[in-house]
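Comments concern the structure below.
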Amino acid sequence: MRETASSDALLSWYDRHARQLPWRVSPQDRASGIKPDPYRIWLSEVMLQQTTVAAVKDYFLKFTALWPTVRDLAEADDAEVMAAWAGLGYYARARNLLKCARVVTDEHGGVFPNDRDSLQALPGIGPYTSAAISAIAFDLPETVLDGNVERVMSRIHAVEAPLPTSKPELMTLAQALTPQKRAGDYAQAVMDLGATICTPKSPACGICPWLDACEGREKGIASELPRKLPKKAKPTRRGIAYVLRNSDGAWLLETRPDKGLLGGMLGWPGSDWAEDPIPAPPVSADWQPAGMEVRHTFTHFHLVLNVMVAEADLEPELGEFIPHQSFRPSDLPTVMRKVFDAAKHRFE
DNA sequence: GAGACGTGGAC
DNA sequence: TGTCCAAGTCT
């Protein structure tokens, strides 16, 4: 006879096995009355959207060191924030992060609202993040439904319908398990379970606190769940990137338009990215191939970039020369950093 | 509601 | 090398 999954069983496991994370208040500290800082919870949740804990840690520490409060972040320069986010991906998050910090500072007196609807009205905060902040920062009994919770719910209830069709059903199941007390600990507990025990491949069912309640395990299909609709194949696009240095050693870069791919980020001038790109050098110069092409895969296409290099002092129509001293490759999104790595040996 | 939107690590 | 995936949101 299968047992019933209980939030108490999971909370008991969490009390012993909670991960220590830079933004987290441990269950023991919570019990002694320590409350999380909503700013840090919000920042961590935005960074964690579609991003691994390992990748987020250093960025979180850097951001909180540079901007300790939401007001500090609201007053920051856009370019500095985008540069600090470089490498973390999904750059709309950084643009919305700044918008959100400024709305919270200007319209909410620098205090994050503590209800879901107000939170979800803020830029970059959707259904998941509003629930996560409500639960983790304010201990409100909201139900978080992220990829972890979807996987855990689909397994313990053996939901065989594929995502995203099954999402409403998984939400109903998740809500039924959400306790009224210790909502913040519970939300983090179920996500920790998904991240450390109930993993996508080879789940560690033997040490799962919900082992005896898991219908997927009983049926022997836990590791196959959740089922997902097949993905579409990625097309390959091509492009040309132009790396130009002037006689002062400055590099020609441009800030990309806010909308679209790598929006708001620094990058090398280039052609369009298409099946058959049209060359578009930023200035007339003696362009030479760098000798290496750059390969990079985005979420929905593969990119092969031809890298061209030149030295010239002509004033370009687009972009600006960034002085040698203030140019940091780490300020670039990864694909643009790869372009620099492919080009730089030609300037040595 | 389906597609756009990044990256690095695991296998 | 290729595929999958990770605390989603926006349009």
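These numbers come from the heavy atoms of this one structure, side chains and all, not from hydrogens, waters or symmetry mates. Numbers restart at 1 for each chain; the letters A, B, ... are given by sequence-line order, proteins then strands.
Judged purely by distance below 3.5 Å, without hydrogens or angles, the side chains of A/His300 and A/Lys234 never pair a donor atom with an acceptor atom. Using a 3.5 Å distance cut-off with no hydrogens or angles, the side chains of A/Gln49 and A/Tyr128 do not pair a donor with an acceptor. A/Ser166 and A/Arg227 are not linked by any side-chain donor-acceptor pair at a separation below 3.5 angstrom, with hydrogens and angles left out of the test.
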Report all interatomic pairs (protein N or O, nucleotide N or O of nucleotides 7-11 of chain B) with separations under 3.5 Å.
unit_1 : atom_1 : unit_2   : atom_2 : d
B/dT7  : OP1    : A/Tyr91  : OH     : 2.8
B/dT7  : OP1    : A/Thr334 : N      : 2.6
B/dT7  : OP2    : A/His296 : NE2    : 2.6
B/dT7  : O3'    : A/Thr334 : OG1    : 3.2
B/dG8  : OP1    : A/Thr334 : OG1    : 3.3

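With rounding to whole Å, A/Tyr128 atom OH is found 14 Å from C/dC10 atom P. Summarising the geometry, the separation between CZ on A/Phe301 and C1' on B/dG6 is reported as 10 Å, rounded to the nearest angstrom. At whole-Å resolution of the value, CG in A/Leu303 and C1' in C/dG2 are 17 Å apart. A/Leu97 has its CG atom 12 Å from the P atom of C/dC10, to the nearest Å. Separating the CG atom of A/Asp258 from the C1' atom of B/dC5 is a distance of 14 Å, rounded to the nearest angstrom. Look at CZ on A/Arg95: it is 15 Å from C1' on C/dG8, rounded to the nearest Å. At whole-Å resolution of the value, CH2 in A/Trp42 and C1' in C/dG8 are 16 Å apart. To the nearest angstrom, C1' of B/dA2 lies 11 Å from CG of A/Leu229.
No option in A/Tyr59, A/Phe63, A/Trp67, A/Tyr90 other than A/Phe63 meets the ring pair (Phe, Tyr, Trp, His ring centres under 6.0 Å) test with A/Trp85.
As judged by a 4.0 angstrom heavy-atom cut-off over every strand, A/Pro127 is placed among residues touching the sugar-phosphate backbone only. Using a 4.0 Å heavy-atom distance criterion, A/Gly263 is classed as making no nucleic acid contact. Using a 4.0 Å heavy-atom distance criterion, A/Trp23 is classed as a base contact. Using a 4.0 Å heavy-atom distance criterion, A/Arg19 is classed as a base contact. In this structure, A/Leu21 reaches the bases: a heavy-atom distance under 4.0 Å links it to at least one base atom across the strands shown.
A close approach under 4.0 Å does occur between a side-chain nitrogen or oxygen of A/His300 and OP1 or OP2 of B/dC5. Look at A/Lys231 and you'll find a side-chain N or O under 4.0 angstrom from OP1 or OP2 of C/dC5.
Closest approach of A/Ala213 to A/Ala5, counting heavy atoms only: CB-N, 3.3 Å. When every heavy atom of A/Ala9 is checked against every heavy atom of A/Pro209, the shortest pair comes out as O-CB, 4.1 Å.
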Query raised in the report: Between A/Asp115 and A/Ser118, is a side chain to side chain donor-acceptor pair (under 3.5 Å) present by the stated rule, with each step listed?
Result: CA-CA 6 Å; A/Asp115 66 284; A/Ser118 303; 2.8 Å; yes
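Residue-to-nucleotide proximity on DNA chain C shows that, of A/Leu145 and A/Lys234, the 5′-proximal contact is made by A/Lys234. Projected onto DNA chain C by closest heavy-atom contact, A/Glu45 and A/Asn96 fall at different nucleotides, the more 5' of which corresponds to A/Glu45.
In this structure, CZ on A/Arg102 lies 10.0 Å from CG on A/Leu97, to the nearest 0.5 angstrom.
Across the P atoms, B/dG8 and C/dT9 are found 23 Å apart, a figure rounded to whole Å.
Checking C/dT9, B/dG6, C/dC4 against every side-chain atom of A/Gln49, the shortest atom distance belongs to C/dT9.
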